[in-house]
Amino acid sequence: MALSWNEIRDRAIKFSREWGEEISEDAEGKTFLNEFFNVFGVSRRRVATFETRVKKIDGKDGYIDLIWRGVLLIEQKSRGQDLNRAHEQAKGYFSGLKDRDLPRYIMVSDFAHIRLYDLETGEQNEFKIAELYKNIKLFGFMAGYQTQPLVPQDPANIRAAELMGLLHDKLLATGYNGHPLEVYLVRLLFLLFAEDTSIFEKRQFQDYIEQKTAEDGHDLGHHLTVLFHTLNTKEDARQTTLDEHLAAFPFVNGRLFEEIITPTSFNAEMRQALLDLCALDWSRISPAIFGSLFQSVMDPKARRDLGAHYTSEQNILKLIKPLFLDALWREFEKVKSQKKRLIDFHKKLAGFKFFDPACGCGNFLVIAYRELRLLELEVLRVLHGDRFHGFLDVSPHIWMDVDQFYGIEIEEFPAQIAQVALWMTDHQMNMRVSEEFGQYFRRLPLDKSPNIAHGNALRLDWKEIVEPKRLSYILGNPPFGGAKFLGDRQKEEVAVVFGNARNSGLLDYVTCWYRKAAEYMAKNPAIRTAFVSTNSITQGEQAGVLWPELFNRGIKINFAHRTFQWSNEGRGKAAVHCVIIGFALEDEAEKRIFDYETPKSEPHAVEAVRINQYLVDGESVTLMNREKPICDSPEIGIGNKPIDGGHYLFAPEEKAEFIKKEPASKKWFRRWIGAEEFLNGYDRWCLWLGDCPPEELRKMPETLKQVESVKRFRLASKSAPTQKLAKSPTRFHVENMPKRTYLVIPKTSSERRDYIPIGFMKPSVISGDANFIIPNAKLYHFGVLTSMMHMAWVRSVCGRLKSDYRYSANLVYNNFPWPEPTEKQRKAIESAAQGVLDARAKHTDATLADLYDPLTMPPQLLRAHQKLDQAVDAAYGKTKFTGEAARVSFLFQLYGQIVAPLINGTRHS
């Protein structure tokens, strides 16, 4: 058991008094160091050696005064000698040490002064021996009190996972695989962490391997098997003849070492791989992210992008803070001056239960536990303050524990990691308590365990994991999985979870967790839930399928993060556009929407009265798929769909070659634009024969070959309607060719663009079905549709293809609430719209993709759009919005006013 800071201070004062005289004899110097170690409760004889011989860089032998391998190197000089020279001499020994034995600290002394170098941080501290008692916390690494600031981007996390991956591969290559290998690696993870964080003695595991096992590794597997058994055996139940090195390991419990698994065999290379892992400083490892990194080592493909597979702490905090943490800190501030209420608040913290039904490696549970322990620490500071230093045992005052956390994970390995990650976090927080109050505190044996179940969360009954009446919060990041990409098993699970709900086949996989949570919360309406999800569940058709189902069950949305980029901090930067939705059966008085100017921006919070399925302040609205617009606007249609097998479409060189062979075909070629051609200026041509008289067609044998090819293509189709089209092979499946100038809207457009590029097209140009077309659109319609008002509607309502905008006629355009401008306002919109077209026309060589890329958009075009936005906003009777959420909220209110008469049957729909 580590000493308290008070005990260490008392020993330091005594040490300073006794060693104030000049020291000259080597023997006395050794005694000095033995007693120096004793100040911090460390047995020098067990951890460090005197006069270790090494080869210096010049090839000569050198003798290190004292080396605690991997931790501390000490060089002593006579009183008054140069400590700088002692420091240089100490560094000169490094070339003779193995990498894993290189120390983090160098201490030099002339028996009057002590100087300590931290080689990792670059810090240097010097003081007189008589002042050791004032500087004892510099030596927290010796006393077992050192806590490392955990940096998510710390390369140590990546390096640890890479080295663990190498050991995994070496074990796998010998035929050691499956469940035993996974358990083995999890146990090694705990051991590595334990010896660097004061659960075990410093280097206890590493020293055991180095001192008790052969260098060729032949007996290492046996020794680890015995060690596992020892760690699972209480000290008083162990054999009295047990090797003293083994006997020194504490009883761990927690069932971590309980299962008897297949023994493994090591070789020299594998032993070295394990020692390389021991050489890392595992106190720097963040359990919040290492788990996911560790999991990825099992997948060679994932390991190539190691670091792209964990969730940033910042993103996790976006969920847990509004779900519970912010409110708890506010409550703490209110009650901290009233002792009884503060004690009740502490009991409340200890009574919470948290459940992640798709917990993976436990990231969300780990961060939640860490943040709650930090809050508990603040409670203890207020309740006990300096009196804590007088407690002989702080454990009765630490009420939060890992058994407050529950999870389900479908894969066994991450489920095991989640459990160990929570224990690791618990110990790190215990070290914070120890450092804060000067009383060493560790929970060993592990009497309490996290409740992590291995199974399918959509098949399990959540009530069997944790009773609803005991649960406080559900949280997590369930698997995404777009509806179109689900496997048969997943599709079956969606069908089972949603039962007879209409159109459930349109829903993403993540929606199953929402439905299961809603059913579960019905047993305890006080439960609060928040999930991270793809933003698609709040857009397009899904919003109209999922949320009416949940709202009918009494669900209320209490906070939401609108679309933002859920990016990870590792290499590869896996990113997806997400939302966070906090919901419950009980309404909360204070609702908040976190809005983002762009998906990569920082959020700003906006208070809301109610939050609907589109994550804006407004009544719940289910947009219908409408055949006609709700307002007096021109009808929209799809472009032309040939179903021709490509036989009517030509690149410029193909067209020229064809006309060369058959000059009479020239007049039947018309320019063709799909979305790619429209946006990127590609040149493509269509051989349109629908208007070609039969007598002319028969005079063009090469053209007839194309017609015959189209006919054969359609007849070969498995679709009966397509086969029927073979009877009229010169016609298209969909024909939409306006006689006058028309407006083009590409169906799919990059989410990077602030505005979807739309534009007018001459009637001679045929538009493909990758575009929507509006035949009777005027300059006014172009102005409104290319405005920020319409874009805000699109971003909230449209579906997505990956993350790109997927425009819709029936859902987006036909439901769009147009303004009712005065004549003056209409002319202002037309004038500003012409300004946009004029700004485009100044860049004749630029494509629409060039003009609307945020990085290359010309300033004059941006200013023209901003002027147009002002004109359109004015037509709606608005001059300023606080953000896009406010803009969309306004549009939904207007939508409700417009559709009310439609519902009553007074207007067409």
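- Results of the side chain to side chain contact (heavy atoms under 4.5 Å, CB included) test with Ile557 over Asn612, Leu550, Asp587, Leu615 single out Leu615 as the only residue that passes.
- Between Arg562 and Asp595, at least one side-chain N (NZ, or NE/NH1/NH2) sits under 4.0 Å from a carboxylate O, which counts as a salt bridge.
- Residues Phe816 and Tyr895 keep their aromatic ring centres 6.0 Å or farther apart.
- Of the N and O atoms on the side chains of Ser889 and Asp617, not one donor lies less than 3.5 Å from an acceptor on the other residue.
- Between the side chain of Glu333 and the backbone N or O of Arg330 there is no donor-acceptor pair closer than 3.5 Å.
- A ring-centre distance under 6.0 Å is not found for Phe564 and Phe594.
- Of the possible donor and acceptor atoms, none in the side chain of Gln893 sits under 3.5 Å from a partner among the backbone N and O of Gly618.
- The backbone N or O of Thr822 lies less than 3.5 Å from a partner atom in the side chain of Gln825, making a donor-acceptor pair.
- Between Tyr876 and Pro817, the shortest heavy-atom distance links the atoms OH-O, 2.7 Å.
- Considering only heavy atoms from C-beta on, Ile756 comes within 4.5 Å of Met791 through its side chain.
- Looking only at side-chain heavy atoms (C-beta outward), Tyr852 and Asp754 stay at 4.5 Å or farther from each other.
- Heavy atoms only, all atoms of each residue included: Asn680 and Ala849 are closest at OD1-CB, 3.4 Å.
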Take Phe583 and Phe559, measure what ring-ring contact (aromatic ring centres under 6.0 Å, His included) needs, and give me the verdict at the end. CA-CA 7 Å; Phe583 58 99; Phe559 74 87; 9.3 Å; no
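- Note: His561 and Tyr596 have tilted aromatic rings, judged against thresholds of 30 and 60 degrees for the angle between ring planes.
- A donor-acceptor contact under 3.5 angstrom links the side chains of Asp850 and Thr847, judged on distance only.
- Residues Ile773 and Ile636 fail the side-chain proximity criterion, which asks for heavy atoms closer than 4.5 Å.
- Classification of Arg752 and Asp853 as a salt-bridged pair holds, one side-chain N sitting under 4.0 Å from a carboxylate O.
- For residues 780-790, the pairs satisfying side-chain hydrogen bond (donor to acceptor under 3.5 Å, both in side chains) are His790-Tyr807, with sequence neighbours left out.
- Taking the six-membered ring for Trp and the full ring otherwise, Phe355 and Tyr473 have centroids separated by 6.0 Å or more.
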Criterion salt bridge (Lys or Arg N to Asp or Glu O under 4.0 Å) on Arg370 and Glu313, from CA distance to verdict: CA-CA 11 Å; Arg370 184 195 70 192; Glu313 294 186 15; 2.8 Å; yes
Evaluate Phe531 against Ile580 for side-chain contact (heavy atoms from CB on, under 4.5 Å), listing each step before the verdict. CA-CA 6 Å; Phe531 289 138; Ile580 297 173; over 6 Å; no
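- Under the 3.5 Å distance criterion, the side-chain polar atoms of Thr425 are matched with a main-chain donor or acceptor of Ala421.
- A salt bridge does not link Glu607 with Lys591: none of the charged nitrogens is closer than 4.0 Å to a carboxylate oxygen.
- Here the closest heavy-atom approach between residue Pro634 and residue Pro629 is recorded as O-CG, 4.1 Å.
- Distance CE/Met761 to OG1/Thr741: 10.0 Å, rounded to 0.5 Å.
- A salt bridge links Arg515 with Glu549: the distance from a Lys NZ or Arg NE/NH1/NH2 to an Asp or Glu carboxylate oxygen falls below 4.0 Å.
- Between Leu323 and Arg528 there is a side-chain heavy-atom pair separated by less than 4.5 Å.
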Stepwise, does the side-chain contact (heavy atoms from CB on, under 4.5 Å) test hold for Asn771 with Lys747? CA-CA 5 Å; Asn771 299 318; Lys747 277 187 178 179; 5.9 Å; no
Does the side-chain contact (heavy atoms from CB on, under 4.5 Å) test come out yes or no for Tyr682 and Leu679, once each step is laid out? CA-CA 8 Å; Tyr682 301 148; Leu679 294 170; over 6 Å; no
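- For the residue pair Val494 and Leu486, the shortest heavy atom distance occurs at CG2-CD1, 3.9 Å.
- Taking 4.5 Å as the limit, some side-chain heavy atom of Val744 sits within range of a side-chain heavy atom of Ile673.
- Using a 4.5 Å cut-off on side-chain heavy atoms (C-beta onward), Ile555 and Leu585 make contact.
- The neighbour count for Glu597 CD, taken as heavy atoms of other residues, nucleotides or ligands under 6.0 Å away, does not exceed 12.
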Go through the steps to decide whether Glu371 and Lys321 satisfy the test salt bridge (Lys or Arg N to Asp or Glu O under 4.0 Å), and finish with yes or no. CA-CA 9 Å; Glu371 294 299 312; Lys321 289 181 71 176; over 6 Å; no
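- In summary, Glu588 and Lys556 do not engage in a salt bridge, as defined by a charged side-chain N under 4.0 Å from a carboxylate O.
- For the pair Trp793 (side chain) and Val812 (backbone), a donor-acceptor distance under 3.5 Å is present.
- Looking at Gln613, its side chain does come within 3.5 Å of a backbone N or O of Val621 through a donor-acceptor pair.
- Across Pro819 and Val784, no two heavy atoms sit closer than the pair CD-CG1, 4.2 Å.
- At least one donor-acceptor pair under 3.5 Å links the side chain of Asn814 to the backbone N or O of Arg626.
- Nearest approach of Val872 to Gly783, heavy atoms of both residues: CG2-O, 3.9 Å.
- The shortest side-chain heavy-atom distance between Asn363 and Cys361 falls under the 4.5 Å cut-off.
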Determine whether His843 and Gln860 satisfy the following criterion, side chain to side chain donor-acceptor pair (under 3.5 Å), listing intermediate values before the conclusion. CA-CA 11 Å; His843 302 272; Gln860 62 268 40; 2.9 Å; yes
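- In summary, Lys880 and Asp873 do not engage in a salt bridge, as defined by a charged side-chain N under 4.0 Å from a carboxylate O.
- Taking the six-membered ring where the residue is Trp, Trp513 and Tyr509 present perpendicular rings, their angle passing 60° and hence far from 30°.
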In sequence, state the C-alpha distance, the side-chain angles, and the governing distance for Arg753 and Ser749, and then conclude on side chain to side chain donor-acceptor pair (under 3.5 Å). CA-CA 8 Å; Arg753 299 178 179 126; Ser749 179; 2.9 Å; yes
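- Here Asn535 contributes atom CG and Phe480 contributes atom CZ; the two are 9.5 Å apart, rounded to the nearest 0.5 Å.
- By the 4.5 Å heavy-atom criterion applied to side chains, Pro357 and Ile474 are counted as neighbours.
- Put simply, CD on Glu884 and CD1 on Ile593 are 12.0 Å apart, with the number rounded to the nearest 0.5 Å.
- For Tyr813 and Phe772, the ring centers sit 6.0 Å or farther from each other.
- If you look at Phe760 and Tyr742, their ring centroids are not closer than 6.0 Å.
- Between Trp547 and Tyr514, the gap from one ring centroid to the other is short of 6.0 Å.
- Enclosure of atom CD in Glu590 is not indicated, since only 12 or fewer non-hydrogen atoms of other residues, nucleotides or ligands lie within 6.0 angstrom.
- In this structure, the side chain of Asp508 does not engage the main chain of Lys484 through any donor-acceptor pair within 3.5 Å.
- To the nearest 0.5 Å, the span separating CG on Leu868 from CE on Met789 amounts to 11.5 Å.
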